[in-house]
Amino acid sequence: MSTILLTGFEPFDGADRNPSGEAVTEVARTYRGPHQLVTATLPVAFARAAERLRALIDEHTPDAVVATGLAAGSDRIAVERVGVNLMDARIPDNDGRQPADEASEPGGPAARFATLPVKRIARALDDHGLPARLSLSAGSYVCNHVLYTALSAVRGDARAGFVHLPWSSSCAPEGAAHLPDEDLARAVGVVIDHVFEPEESHPGGSVW
Ligand code: PCA
């Protein structure tokens, strides 16, 4: 049986909820296989998030890592294609740390491509009526750091990638784009159902 490590994040930036952690908790509650699912809610703190992720990978040796986070302002589910070796924070993390122009991993490659079948996943989301797009940047905050770290930490041919979620309807700030809570949980479920499928090769560009 394959093991998937699925993560979301705690709240940050003064919010009291984070839809990614909530969607992951909901999937953990309802998932019925066929894979073994290990779930975690990561702190929105550069050092501790990476440390926790590496510890989870050491402990469970997952065959795939699917990390999720909130992209406030987005109205679509964004399947990230690349993590960059950069920490450049617009706001302090939950430990008060605000790196500027620092490497995620000193000496590491400038970028690492996600190894999930990103086009296959974006299409699957679309097939399920969920608004999806491919994204060429996960930013330079804690989500990107987690994606870059996951791609560095997985063993052998294990896959890793990141999916950014919009706000959920129940916690979106006034005027912010959002999707129904159940759609976000459903989207995370669709993603994990397709992580081991072959990638689709067709022209796609950055927008689905
Ligand atoms: N989103 C932030 C960090 C945690 C989260 O849910 C980001 O996009 O980096």
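Source: prediction; values computed, not measured. All ligand and atom numbering here is 1-based and tracks the order in the structure.
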Discussion item. At less than 4.0 angstrom from any atom of ligand 1, which residues have a non-hydrogen atom? List them by chain and residue number.
Written reply: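 Within the 4.0 Å shell of ligand 1, which is judged on heavy atoms, sit F9, F12, N18, V44, G69, L70, Y141, V142, C143, H164.
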Practice prompt. Scan for side chain to side chain donor-acceptor pair (under 3.5 Å) pairs involving residues 185-196, sequence neighbours excluded, and state none if there are none.
Written response: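 Matches after skipping sequence neighbours: D183-R186.
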Discussion item. Please list all pairs meeting ring-ring contact (aromatic ring centres under 6.0 Å, His included) that have one or both residues in residues 43-75, counting only residues at least two apart or in different chains.
Written reply: F46-Y141, F46-H145
Worksheet item: Just checking, any donor-acceptor pair under 3.5 angstrom between side chains of R17 and S170?
Response: yes
Worksheet item: So R159 and I4, side chain to side chain contact (heavy atoms under 4.5 Å, CB included) or not? Walk me through it.
Response: CA-CA 9 Å; R159 300 176 172 200; I4 300 175; over 6 Å; no
Worksheet item: Residues in ring pair (Phe, Tyr, Trp, His ring centres under 6.0 Å) with H35, at least two apart?
Response: F196
Worksheet entry | N/O donor-acceptor pair under 3.5 Å between D95 side chain and R97 backbone |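 Between the backbone of R97 and the side chain of D95 there is no qualifying donor-acceptor contact (under 3.5 Å).
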